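Bear in mind that the values here come from a model prediction, so they are computed numbers and not experimental data.
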Amino acid sequence: MGSEGRSLNGVAGGGGEDKMSAVAAPAPAEVPTSSAAVDISLPLPEMTPRIIDLCKELVRGWSSLDSACFSVTTVSGGITNLLLKVSVKEGTGSESSVTVRLYGPNTDLVIDRERELQAIPYISAAGFGAQLLGVFENGVIQSFIHARTLSPSDMQEPRIAAEIAKQLHQFHQLDIPGSKEPQLWNDVFKFLKKASVLKFEDNEKQKRYETISFREIQEEVKALKDLSDLLHAPVVFAHNDLLSGNLMLNDLEEKLYFIDFEYGSYSYRGFDIANHFNEYAGFDCDYNLYPEKDVQYHFFRNYLSDRPNEVQVQDLEALYTETNTYRLASHVYWALWALIQAKVSPIDFDYLGYFFLRYGEYKKQRDFCFSLAQGYLSVPRSG
């Protein structure tokens with residue numbers, strides 16, 4: 001079932017109107033593993049023989065193939081991964097491909113790889129994303145998805161937004177083995193602890209860093225956690241990084257795919273949705289593109305029911321409040337993440353500037369989001 005995708009004409013596997021009942025993920029097939037590692041600092045030509053050897057070792061049916069039949073190309077160099085496409089031309093003239101995902105250096109500081117590898121086989125077995133074919137010391141091999149990566153503007157297209165909502169609802173019903181405790185605030189406080197004790201060799205970076213008040217951030221995080229806890233948001237297995245780059249669409253077959261579950265964990269439903277909405281900002285980080293209320297309601301209707309027009313107003317209001325409270329948590333999470341990356345990442349990107357951008361957006365939206373939640377909580381509700 002892995003990499004089967006979901007059709008834009010309807011979510012595979014049905015769904016009904018059951019809103020949050022967890023569905024046990026199918027038991028995954030045994031996945032081949034290797035203790036070998038790939039030096040990600042090497043140029044691709046020097047890395048290629050190692051990649052080919054790993055594929056021959058781990059991908060079923062490839063062990064006897066001649067290495068000369070293989071080709072290795074770069075798909076993308078992400079912020080936390082290097083993605084490679086490995087193709088094999090067989091004697092029949094047909095071509096088979098897989099994706100090799102290599103973990104970036106120091107990413108274990110912001111990504112729980114043990115948690116990721118525990119969840120991925122079950123996610124894959126349930127039909128989400130690419131099929132997991134093999135695991136090695138610093139990466140994984142997965143089936144190749146024949147689809148295009150969405151752009152931020154694609155996510156705003158009503159038909160695609162509706163399908164993302166439907167598929168996210170299905171994803172949130174997965175029952176992944178292990179602790180079901182929400183990890184959001186644990187991760188935020190871990191990031192905060194690491195981010196508050198950094199030292200930069202670059203004097204300008206250090207000066208900018210020293211302008212940050214971590215006492216203020218800690219107080220804000222505690223206040224936000226206390227407020228959001230009062231909403232009693234459902235705890236689900238969340239993607240936690242549903243940006244356009246982690247959504248793929250096969251236009252010919254009209255199939256949508258979620259990919260890259262490295263930040264996946266049990267978390268709050270509203271956080272996952274808000275985090276996705278924040279990504280409407282796109283690569284230019286234009287948070288004026290955050291969806292208006294009517295656009296959010298379109299998403300919520302398709303998330304909450306197979307019959308969107310029958311969703312009750314009170315359910316829309318509740319999810320709107322929940323989502324836009326956790327909107328702030330998304331900004332704090334990625335702001336602190338960026339500070340750690342500013343110290344350890346070899347990628348040429350202004351992570352420190354990204355911290356100030358995301359935390360600045362938190363402060364800009366704080367009063368509205370706090371007032372929204374407080375106003376909602378002040379009204380007595382039955383049930």
Side-chain angles (χ1 to χ4, degrees), residues 6 8 11 15 17 19-20 150-173 184 224 227-228 230-236 238-244 246-247 249 256 258 267-282 284-334 358 361-362 364-377 379 381:
R6 295 295 193 273
L8 266 68
V11 178
E17 290 203 7
K19 295 187 179 178
M20 287 324 312
L150 292 189
S151 67
S153 60
D154 285 328
M155 299 193 304
Q156 302 175 44
E157 201 277 312
R159 189 160 173 254
I160 293 177
E163 184 56 31
I164 293 170
K166 293 172 185 176
Q167 189 166 151
L168 188 60
H169 175 255
Q170 292 292 314
F171 188 80
H172 283 170
Q173 292 186 86
L184 172 62
L224 179 58
L227 179 61
S228 61
L230 297 175
L231 296 173
H232 302 292
V235 174
V236 298
H239 186 287
N240 294 325
D241 192 24
L242 207 57
L243 71 166
S244 62
N246 287 337
L247 291 160
L249 178 65
L256 178 76
F258 287 7
S267 190
Y268 302 100
R269 175 184 66 175
F271 175 81
D272 215 11
I273 297 173
N275 197 65
H276 173 65
F277 286 167
N278 275 334
E279 293 299 338
Y280 279 37
D284 294 328
C285 300
D286 181 1
Y287 291 103
N288 292 317
L289 295 175
Y290 187 84
E292 298 290 341
K293 189 173 186 177
D294 61 330
V295 176
Q296 293 188 47
Y297 272 28
H298 170 71
F299 188 98
F300 297 154
R301 287 189 181 96
N302 285 278
Y303 177 92
L304 290 169
S305 177
D306 286 345
R307 294 190 282 275
N309 293 331
E310 297 179 13
V311 175
Q312 299 296 306
V313 173
Q314 61 265 31
D315 293 331
L316 293 171
E317 291 175 348
L319 188 49
Y320 177 76
T321 302
E322 177 189 325
T323 298
N324 288 279
T325 305
Y326 282 102
R327 172 185 184 181
L328 296 177
S330 169
H331 285 305
V332 170
Y333 180 98
W334 293 110
R358 294 303 296 257
E361 192 64 22
Y362 168 90
K364 181 178 177 182
Q365 301 300 334
R366 183 194 188 280
D367 288 349
F368 167 77
C369 295
F370 266 69
S371 295
L372 177 69
Q374 290 162 347
Y376 179 84
L377 291 165
V379 178
R381 298 172 197 279

**Student:** With sequence neighbours excluded, tell me which residues meet salt bridge (charged side-chain N to carboxylate O under 4.0 Å, His left out) with D154.
**Tutor:** R148
**Student:** Under the ring pair (Phe, Tyr, Trp, His ring centres under 6.0 Å) test, which residues partner H239, sequence neighbours left out?
**Tutor:** F261
**Student:** Of all residues at least two apart in sequence or in a different chain, which pass the side-chain contact (heavy atoms from CB on, under 4.5 Å) check with E157?
**Tutor:** R159, I160
**Student:** Show the nearest heavy-atom pair for residues P308 and D306, with the distance to one decimal.
**Tutor:**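 Result for this residue pair: CD-O, 3.2 Å.
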**Student:** With sequence neighbours excluded, what pairs up with Y290 under the side-chain hydrogen bond (donor to acceptor under 3.5 Å, both in side chains) test?
**Tutor:** N324
**Student:** What distance separates L372 CG from D367 CG, expressed to the nearest 0.5 Å?
**Tutor:**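 Separation between the atoms: 12.5 Å.
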**Student:** Output the distance between atom CG (N302) and atom CD (E163), rounded to the nearest 0.5 Å.
**Tutor:** 8.5 Å
**Student:** Return the minimal non-hydrogen interatomic distance between A162 and H298, and the atom names on each side.
**Tutor:**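 Nearest heavy atoms, A162 then H298: CB-NE2, 3.9 Å.
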**Student:** From L328 CG over to E361 CD, what is the distance, rounded to the nearest 0.5 angstrom?
**Tutor:**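 Between L328 CG and E361 CD, I get 9.5 Å after rounding to 0.5 Å.
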**Student:** Residues two or more places apart in sequence or in another chain: which of them pass side-chain contact (heavy atoms from CB on, under 4.5 Å) with E292?
**Tutor:** D294
**Student:** If you round to the nearest 0.5 Å, how far is CG of L304 from CD of E310?
**Tutor:** 12.5 Å
**Student:** Quick one: do Y297 and V311 satisfy side chain to side chain contact (heavy atoms under 4.5 Å, CB included)? Show the steps, please.
**Tutor:** CA-CA 10 Å; Y297 272 28; V311 175; over 6 Å; no
**Student:** Quick one: side-chain contact (heavy atoms from CB on, under 4.5 Å) partners of L377, sequence neighbours excluded?
**Tutor:** L227, L230, L231
**Student:** Quick one: do F300 and K293 satisfy side chain to side chain contact (heavy atoms under 4.5 Å, CB included)? Show the steps, please.
**Tutor:** CA-CA 10 Å; F300 297 154; K293 189 173 186 177; over 6 Å; no
**Student:** Locate the shortest heavy-atom distance separating S244 from S151; write the atom from each residue and the value.
**Tutor:**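 In terms of heavy atoms, the two residues are closest at CB-C, 3.6 Å.
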**Student:** Nearest 0.5 Å, what's the CG-CG distance between L249 and L150?
**Tutor:**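 It comes to 5.5 Å.
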**Student:** Measure across S267 and L184 and return the closest heavy-atom pair with its distance rounded to 0.1 Å.
**Tutor:** OG-CB, 3.6 Å
**Student:** Got a sec, which residues hit side-chain hydrogen bond (donor to acceptor under 3.5 Å, both in side chains) with N288, two or more places apart in sequence or on another chain?
**Tutor:** D286
**Student:** Under the rule for side-chain contact (heavy atoms from CB on, under 4.5 Å), what residues qualify as partners of A233, not counting sequence neighbours?
**Tutor:**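 side-chain contact (heavy atoms from CB on, under 4.5 Å) check on A233 returns Y268, E322, Y326.
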**Student:** Apply the side chain to side chain donor-acceptor pair (under 3.5 Å) test between Y303 and each candidate in K166, H172, H169; give the one that qualifies.
**Tutor:**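 Looking at K166, H172, H169, the match for Y303 under the side chain to side chain donor-acceptor pair (under 3.5 Å) is H172.
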**Student:** Side-chain donor-acceptor pairs under 3.5 Å in residues 273-281, sequence neighbours left out?
**Tutor:**
residue	atom	partner	partner atom	Å
N275	OD1	S330	OG	2.7
N275	OD1	W334	NE1	2.8
N275	ND2	N240	O	3.1
H276	ND1	L242	O	2.8
N278	OD1	H331	NE2	3.4
N278	ND2	R327	O	3.4
N278	ND2	S330	OG	3.0
Y280	OH	M155	O	3.3

**Student:** Excluding sequence neighbours, so at least two apart, what forms side-chain hydrogen bond (donor to acceptor under 3.5 Å, both in side chains) with Y362?
**Tutor:**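 For Y362 the side-chain hydrogen bond (donor to acceptor under 3.5 Å, both in side chains) partners, ignoring immediate neighbours, are E220.
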**Student:** Nearest 0.5 angstrom please: F299 CZ to L316 CG, how far?
**Tutor:**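 That separation rounds to 13.0 Å.
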**Student:** I'd like to know whether R381 forms a side chain to side chain contact (heavy atoms under 4.5 Å, CB included) with V379, so could you lay out the CA-CA distance, the side-chain angles of the two residues, the decisive distance to 0.1 Å, and finally the verdict.
**Tutor:** CA-CA 6 Å; R381 298 172 197 279; V379 178; 3.7 Å; yes
**Student:** Can you sort out the partners of N246 under side-chain hydrogen bond (donor to acceptor under 3.5 Å, both in side chains), two or more places apart, ordered by chain and number?
**Tutor:** D241
